[in-house]
Amino acid sequence: MKPKTPENHFVLSSSPHAHANSSVRRIMLDVIIALLPTTLMGIWFFGLPALWTVLVCVSSCVLTELACRLAMKRENTVGDLSAVLTGLLLALNLPAGIPLWMAIVGSIFAIAIAKQVFGGLGMNPFNPALAARAFMLISFTGPMTTWLRPISRCCCCDATDVTTMATPLATMKRMFGVDATTSATPHFPKAMENLPSLWDMLIGNMPGCIGEVSALALAIGCAYLLWRKVITWHIPASFIATVFVYSLIAGGAPAYAQVLTGGVMLGACFMATDYATSPITAKGKLVFGVGCGLVCMLIRQFGGYPEGCSFAILIMNAVCPLINRWTQPKPFGAK
Amino acid sequence: MKTVKSPFKFKGGVHPDYNKELARDMPIERLPLPGELVISMSQHLGAPAKCIVKAGDEVKRGQVIGEKNGFISVLVRASADGKVKAVEKRLGPAGSSADAVILETVPPEDNNPAPILPPLDWKTATREELLKRVEEAGICGMGGAGFPTSVKLNPPPGKRCEYLVLNGAECEPYLTADFRVMLERADRIRVGVEIMRKILGMCAVRIAIEDNKPEAITAMEKAFADIEGNVEIVRLPVLYPQGSEKHQIYATVGRIVPEPPALPIDVGCVVENVGTVAAIADAVEKGEPLLERVTTVSGDAVATPKNILAPSGTKYSDLVAFCGGEKEHPAKIISGGTMMGFAVSSLDIATTKTTSGLLLLSSRKVFQYGSQACINCGRCLRACPMNLNPAEISKAVEADDIKTAENAHVMTCIECGACSFGCPAYRTITQFCRRAKASIRARMAAERAAAAAAKAAEDAKKEAK
Ligand code: SF4
Ligand code: SF4
């Protein structure tokens with residue numbers, strides 16, 4: 001940012017007089033770049049409906065942001081790209097077949113209710129995209145839980161004409177019922193057969209939300225964010241590790257499947273790391289990540305929904321101020 | 001004597017663009033005596049000196065023109081022969097005005113003038129004589145706040161200096177004055193250290209230099225090769241604010257200075273800037289008070305960046321003229337470095353004993369901080385060398401909630417600017433910290449005054465009975 005200086009006039013300001021040249025816009029842009037691989041994989045597997053959902057969500061979020069700022073007579077903040085990011089994240093958290101008008105309603109909710117009502121970027125207590133998703137899940141339960149079958153991209157895949165199917169999570173939820181010691185019961189191997197192969201889980205060849213299916217693409221994006229120092233490792237690592245360890249202990253579906261299916265990868269790397277709604281200290285981030293993982297798995301095992309990732313993050317968003325209070329840094333030299 | 005790598009790394013810190021290449025290879029040049037000097041009575045934080053000359057007086061170089069005024073105060077001497085044109089309020093670099101002596105200089109009659117103070121042999125002089133010399137030479141810390149050196153060298157009873165830490169980190173961007181002093185005046189620094197050790201008792205010595213100054217490390221190694229006692233040159237990683245007193249002590253000795261009001265001496269350390277140490281040597285051996293210093297004049301808007309030895313009271317415009325003038329119109333003028341220096345409004349302001357640098361920056365190098373909302377990214381926390389929560393402090397101060405800022409230890413803030421430097425929302429975090437500190441200090445002073453008044457009233461009542 002450059003100040004305007006009239007000739008023969010010197011800028012007076014308090015130190016420091018240097019800046020790292022970072023900006024909010026650049027950070028948002030980095031997150032958008034990091035989301036591109038998974039966005040592209042989602043479009044690859046779910047086709048045009050996915051592309052339309054992304055475009056509709058992004059544009060309605062931007063328009064809503066613009067309208068809100070105009071209505072509130074505040075400066076226009078579309079340039080910081082945060083609305084673009086919210087739109088993209090929301091789209092990635094929706095099933096590809098969602099009617100577009102519902103996506104528009106969700107986008108308006110995300111920006112107007114979940115973000116601008118609280119004062120805009122940085123002030124919102126809940127992750128806007130997740131708040132909108134939760135709102136949509138309650139309002140449009142049917143369409144929000146109808147999953148498109150990934151388009152068969154190879155000749156050897158079976159060509160059934162079913163277009164929708166259950167996500168692996170629904171299968172895995174039933175597997176919790178199987179006690180680990182008696183996993184030799186005939187149901188268990190059958191359930192395992194219903195799960196996608198490890199490779200399919202990695203590339204995203206399974207039903208799910210547009211942006212959550214390809215674990216590999218998400219991991220690449222996450223690595224980019226870590227390299228750009230946009231996020232730190234604390235939340236993704238503690239979140240994923242907790243899910244992994246929990247499922248090892250609780251039994252049921254294999255732990256890797258718990259991590260690679262559903263919203264854990266997307267949630268841990270991109271949703272739980274949202275600045276405004278996660279703790280600010282490293283210690284706080286670890287507590288937050290563990291909390292997210294724990295609540296997510298509790299919902300998956302005992303809750304009414306097969307997936308608990310977004311609710312887990314929203315619940316942890318709510319306790320974030322508390323975590324912040326408990327984990328204040330200790331000043332250098334303080335007793 | 002040996003050279004070691006710093007075994008302790010503090011948390012936080014940032015890497016600003018150092019831009020030291022602009023002036024680092026420019027040898028120290030002496031400025032021809034300017035026609036007019038503006039010598040401020042306020043040479044440092046603390047009480048300004050009391051002016052004892054008036055318009056029309058003739059003064060000699062080295063003559064005392066400002067007397068000490070309180071404990072944390074340093075006397076001021078004329079830095080050239082001349083005639084006092086006026087004594088008037090002038091704006092200082094820090095933005096506050098103070099009495100200043102406007103001196104119309106006359107060239108010295110004699111190129112080899114007699115020493116101003118009688119030279120001393122430090123080997124035979126007593127501790128008291130040496131300490132007195134440091135005081136009457138008007139020496140104060142030349143790196144930052146300008147704390148009176150004689151006060152530092154005379155620890156209160158019960159406190160002992162175990163480590164003398166020489167600050168050669170010079171972590172501020174652009175500045176190379178200390179670097180040049182270490183290269184060109186290494187022998188003076190060595191003598192200064194011997195004198196300080198005599199005053200402080202045979203303490204261990206740590207010479208702290210950042211890794212980006214290998215020539216200075218070599219020069220120091222040579223100068224100190226045969227020194228006796230526990231002396232180490234400590235190579236520090238390049239990291240801002242490595243030159244902060246507390247971080248320097250941690251990096252060299254591994255001790256942590258407790259929160260204010262604790263001072264380095266509370267953990268047995270005295271930190272002094274290398275330029276100050278050289279000044280002590282001159283004051284003792286040559287009887288030369290602190291009348292001039294090396295100032296780096298740099299920045300992308302100055303024609304030829306230089307390291308200039310100039311009498312204190314030299315106007316910035318004279319320094320810039322000596323550097324060949326402006327290359328382009330500067331958008332910002334900074335007294336000091338870019339991280340902690342002061343932006344000034346004109347080149348009429350004059351140097352003091354603490355002016356380490358003068359920077360002229362073009363508009364391309366000027367950033368505008370503002371009051372955008374905090375996005376809670378945590379960069380300021382990770383950057384803060386005092387491990388504070390600058391985001392919380394800045395938000396509290398913004399909402400006029402000084403109490404919360406105080407509970408968040410804002411008084412521990414060293415105003416280094418690392419938090420603002422990395423803030424993607426360009427928030428004026430450091431300024432918020434300053435505002436909170438000033439308001440807390442004012443409140444404390446008011447409380448003290450109220451307590452004193454209450455006590456006086458009490459006493460009066462007793463008396464009446
Ligand atoms: S200015 Fe204060 S709050 Fe900011 S980084 Fe430096 S010590 Fe921390
Ligand atoms: S660096 Fe700036 S935006 Fe980030 S947490 Fe600190 S104050 Fe907020």
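Chain letters run A, B, ... following the sequence lines, proteins first, then strands; residues in each count from 1.
- In this structure, B:A391 and A:I280 approach most closely via the heavy-atom pair CB-CD1, 3.8 Å.
- Exactly one residue among B:T338, B:T430, B:V14 makes a side chain to side chain contact (heavy atoms under 4.5 Å, CB included) with A:P16. That residue is B:T430.
- For A:F10 and B:H329, the ring centers are positioned less than 6.0 Å apart.
- Ranked by non-hydrogen atom pairs under 4.5 Å with chain A, the options B:E392, B:M340, B:R379, B:Q431 are led by B:R379.
- Contact detail for B:H409 and A:A334: the closest heavy-atom pair is CE1-CB, 4.4 Å.
- When A:S82, A:P331, A:G122, A:A276 are compared by the number of non-hydrogen pairs under 4.5 Å with chain B, A:P331 comes out ahead.
- For A:I27, the part sitting under 4.5 Å from any heavy atom of chain B is the side chain, from C-beta outward, and nothing else.
- For A:H19 (side chain) and B:Y426 (main-chain N/O), no donor-acceptor pair under 3.5 Å exists by modelled atom type.
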- Task: Determine, step by step, whether B:Q372 and A:S23 satisfy the side chain to side chain contact (heavy atoms under 4.5 Å, CB included) criterion, reporting the C-alpha distance in whole Å, the side-chain angles of both residues, the deciding distance to 0.1 Å, and the verdict.
- Result: CA-CA 11 Å; B:Q372 279 194 56; A:S23 68; over 6 Å; no

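- With rounding to the nearest 0.5 angstrom, the CZ atom of B:F421 is 8.0 Å from the OG atom of A:S22.
- Contact annotation for B:I375: both backbone and side-chain heavy atoms come within less than 4.5 Å of a heavy atom of chain A.
- Contact annotation for B:P260: neither backbone nor side-chain heavy atoms come within less than 4.5 Å of a heavy atom of chain A.
- With a 4.5 Å cut-off on non-hydrogen atoms, B:V344 touches chain A through its backbone but not through its side chain.
- For B:Y250, the part lying under 4.5 angstrom from a heavy atom of chain A is the side chain only.
- Top candidate by heavy-atom pairs under 4.5 Å with chain A, chosen from B:E415, B:M339, B:H15, is B:M339.
- What you find for B:R382 and A:K229 is that their closest heavy atoms are NH2-O, 4.5 Å.
- In this structure, B:N387 contributes its side chain and A:K330 its backbone to a donor-acceptor pair below 3.5 Å.
- One finds the CG atom of B:D17 at 8.5 Å from the CG atom of A:N21 (value rounded to the nearest 0.5 Å).
- Listed here is the closest heavy atom pair of B:K332 and A:V11: CG-O, 3.4 Å.
- Between the CD atom in A:Q328 and the CG atom in B:L381 there is a gap of 7.5 Å [rounded to 0.5 Å].
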- Step by step, work out the side chain to side chain contact (heavy atoms under 4.5 Å, CB included) result for B:I256 and A:F332. CA-CA 8 Å; B:I256 297 177; A:F332 187 63; 4.1 Å; yes

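- A side-chain donor-acceptor contact under 3.5 Å links B:R434 and A:S14.
- The shortest distance between side-chain heavy atoms of A:S13 and B:F367 does not fall below 4.5 Å.
- Heavy atoms closer than 4.5 Å to chain A are found in both the backbone and the side chain of B:C377.
- Using a 4.5 Å cut-off between heavy atoms, A:T232 contacts chain B through its side chain alone, with no backbone atom that close.
- Residue B:T412 touches chain A through its side chain alone, counting heavy-atom pairs closer than 4.5 Å.
- More than 12 heavy atoms of other residues, nucleotides or ligands lie within 6.0 Å of CZ in A:R26, so this atom counts as buried by the packing criterion.
- Per-residue heavy-atom pair counts under 4.5 Å with chain A were compared for B:A408, B:P16, B:G370, B:S345, and the maximum is reached by B:S345.
- Counting all heavy atoms, side chain and backbone alike, A:S15 lies closest to B:G341 at CB-O, 3.3 Å.
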